[in-house]
Amino acid sequence: MNTPIRRLSVVIAALFTALLVASTVVQFTQAKSLGAMASNKRTLLDSYSRERGSIIVGGQAVAKSVPVQDQYRFLRTYPQDQLYAQTTGFYSYAVGAPYGLEHASDDLLSGDADTLFVRRVTDLITGRKTSGATIELTIDPKAQAAADKALGDNKGAVVALDPKTGAILAMVSHPSYDPNPLSSHDLNKASKAWQALSTDKDKAYLNRTINGVYPPGSTFKVVTAAAALESGVVSDENSTVPGPPELDLPLTSTNLPNEDGRACGPGNETTLIHALEISCNTAFGSLGLELGGEKIRAQAAKFGFGDALQIPMRVSVSSVPADLNAPQAAQAAIGQYDVRATPLQMAMVAAGIANQGRVMTPYLIQSVRSANLDIIESTPDPVELSQAVSEQTASTLTKMMVSVVDHGSGARAQIDGVEVAGKTGTAQHDPGKPPHAWFISFAPATDPKVAVAVVVEDGGVTGSEIGGGRVAAPIARDVMEAVLSR
């Protein structure tokens, strides 16, 4: 063979080798990432041609696929419109990437999960069309409906948990939206719906239960009380603490006042339980000075602050700043300064106290079933996230929170014949706006079945300075009643 032919043969061989390597990389190495690209419409069309699994609450589908006579073959529908929109999210050809649970559990719903591999192989052999798995949620439909109704036209969020397992019983975020127009096969209609939602000034697309991050205000005083009891700064609920009309803060000319400008007890002193009953700022500010920022931060971390949770949707991280100086620690002790928490996190605080100091990892999926309803994944075993406080401290905090409802600012959370534990909160966030209204609670206090956190942005429709008791507490009461009456 002469030299030119030999060289040409080498070049052709190299080109064939490059082609084989490139095709191998595309088909095997890059296949998953290319398939997941939102711009890959062929993959999306293939996904639409399958029957996507349903999302079930209380035996009823809150998201399901129905057959249609067009190129997509199945239309994703949401029978209860806005009630579960923040939880399910939506699945839209026009938008591309799904939202909410439709995104977080897309591999299960689409049938692509590793746990469905055997099912896919069986489908391939039998020629049956692959369909997605059905997901059953932990949500109690009665609690969800009660939370939605009680929150009404207010902007805010409600989360309810089973304290003993971490199962999410309700998660409602207002304002909500109707996901049906977004999933429409009329692409013009779907695009307009997405444009309206994505630019909504009230952020209806935001799931405030897990991604709304707020100053927790006085509900955080429960965490401060926990830190004081655990560290020995106070011994029990009857320990005496300072309660002057105004707390002199070091390093600054700005002092910390009580809301009503009065002392919290005779001689500028009060008990820890009474301080929580009336939400005495100066008492908890003084505890913050004595504890220091790191002890407050460490106690909050034991309740879940700082953890990156998935339920399976990603939960925004709640936080207490590091390196707090003395006045910042006093402000943090009453849930202000730069302390931030999601409603789910504050529900975990209440649930941890209710569960003898043990915080359970929250979860939303009860079970996963195949298209013929065979169980793929059953109810998960409860997972302990942390032992936030001792059983003794949890018992003391429970007494204090019961007193808040029986004798203090949380009276509107009372339920006939049921002992309720709770804590109100009002959180300053903007000098030109009313404070956010908070309430955390659990019931029954002696054998808790439900823990609830409520936040109403800007104090709700009343804008009350004591909105935690007037606005948020009745919402929590209605949700607890719904769970306890089932």
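Note that the coordinates shown come from a computational prediction; the quantities given were computed from them, not determined experimentally.
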Whether the [X] and [Y] side chains hold a donor-acceptor pair (N or O, under 3.5 Å, no angle test) is what I'd like checked.
X	Y	result
Gln366	Thr138	no
Ser390	Glu230	yes
Asp148	His174	yes
Arg340	Ser319	no
Ser218	Ser279	yes
Asp260	Asn258	no
Asn255	Glu246	yes
Asp236	Thr396	no

Minimum heavy-atom distance [X]-[Y], with the two atoms named:
X	Y	result
Pro216	Met346	CB-SD, 4.0 Å
Ala225	Phe284	CB-CE2, 4.0 Å
Pro215	His436	CD-CD2, 4.3 Å
Ala226	Phe303	CB-CE1, 4.2 Å
Gln345	Ser318	CB-OG, 3.2 Å
Ala283	Ser286	O-OG, 2.6 Å

query = Could Arg52 and Tyr91 be counted as a cation-pi pair, given that NZ or CZ must be under 6.0 Å from the ring centre and within 45° of the axis?
reply =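 The answer is yes, since Arg52 meets both limits relative to Tyr91.
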request  = List the steps, then state whether side-chain hydrogen bond (donor to acceptor under 3.5 Å, both in side chains) holds for Thr134 with Arg369.
outcome  = CA-CA 5 Å; Thr134 292; Arg369 297 175 181 269; over 6 Å; no
Side chain [X], main chain [Y], donor-acceptor under 3.5 Å:
X	Y	value
Gln328	Asn325	yes
Thr77	Lys64	yes
Ser92	Ala94	yes
Thr342	Ser316	no
Thr424	Gly469	no
Ser403	Lys399	no
Ser395	Glu391	no
Thr393	Val389	no
Ser105	Glu102	no
Asn207	Thr209	yes

query = Given Tyr78 and Phe90, is the side-chain contact (heavy atoms from CB on, under 4.5 Å) satisfied, shown in steps?
reply = CA-CA 8 Å; Tyr78 303 89; Phe90 56 86; 3.9 Å; yes
To the closest 0.5 Å, what do you measure between [atom1] ([X]) and [atom2] ([Y])?
X	Y	atom1	atom2	result
Glu136	Ile365	CD	CD1	11.0 Å
Arg477	Met480	CZ	CE	8.5 Å
Leu247	Leu289	CG	CG	5.5 Å
Glu290	Lys295	CD	NZ	8.5 Å
Lys203	Leu197	NZ	CG	12.5 Å
Leu182	Arg76	CG	CZ	14.0 Å

For the residue pair [X] and [Y], establish whether any side-chain heavy-atom pair is separated by less than 4.5 Å.
X	Y	result
Pro343	Val454	no
Pro382	Met360	yes
Gln86	Met171	no
Tyr363	Thr165	yes
Gln387	Lys302	no
Phe305	Val317	no
Ile168	Ile311	yes
Val450	Val452	yes

request  = Please check if the distance between the ring centroids of Phe220 and Tyr337 is under 6.0 Å.
outcome  =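 Aromatic pair excluded; centres sit 6.0 Å or further apart.
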ask   = For the rings on Tyr205 and Trp194, is their centre-to-centre separation under 6.0 Å?
value =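 No, they do not, as the ring centres are separated by 6.0 Å or more.
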query = Does the side-chain contact (heavy atoms from CB on, under 4.5 Å) test come out yes or no for Thr87 and Val57, once each step is laid out?
reply = CA-CA 11 Å; Thr87 302; Val57 173; over 6 Å; no
key: Exceeds 12 heavy-atom contacts within 6.0 angstrom, atom CD of Gln60   =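 Not buried by this count: 12 neighbours or fewer within 6.0 Å.
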query = In terms of heavy-atom contacts, does CG of Asp202 have more than 12 from other residues, nucleotides or ligands at under 6.0 Å?
reply =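 Yes, enclosed.
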side-chain hydrogen bond (donor to acceptor under 3.5 Å, both in side chains) partners of Ser441, counting only residues at least two apart =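 Ser441 satisfies side-chain hydrogen bond (donor to acceptor under 3.5 Å, both in side chains) with no residue once adjacent residues are dropped.
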query = If you measure from the Lys or Arg side-chain nitrogens to the Asp or Glu carboxylate oxygens, is any gap between Glu457 and Lys433 under 4.0 Å?
reply =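 Judged by the 4.0 Å cut-off on N to carboxylate O distance, Glu457 and Lys433 do not form a salt bridge.
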query = Would you call Lys164 and Asp447 a salt bridge, taking side-chain N to carboxylate O under 4.0 Å as the test?
reply =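 Yes, charged N to carboxylate O under 4.0 Å.
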key: Glu237 vs Thr271, side-chain contact (heavy atoms from CB on, under 4.5 Å): CA-CA, chis, key distance, verdict   = CA-CA 7 Å; Glu237 70 273 18; Thr271 61; over 6 Å; no
ask   = Going through the checks in order, is the side-chain contact (heavy atoms from CB on, under 4.5 Å) test met by Ile353 and Val222?
value = CA-CA 9 Å; Ile353 296 167; Val222 173; 3.0 Å; yes
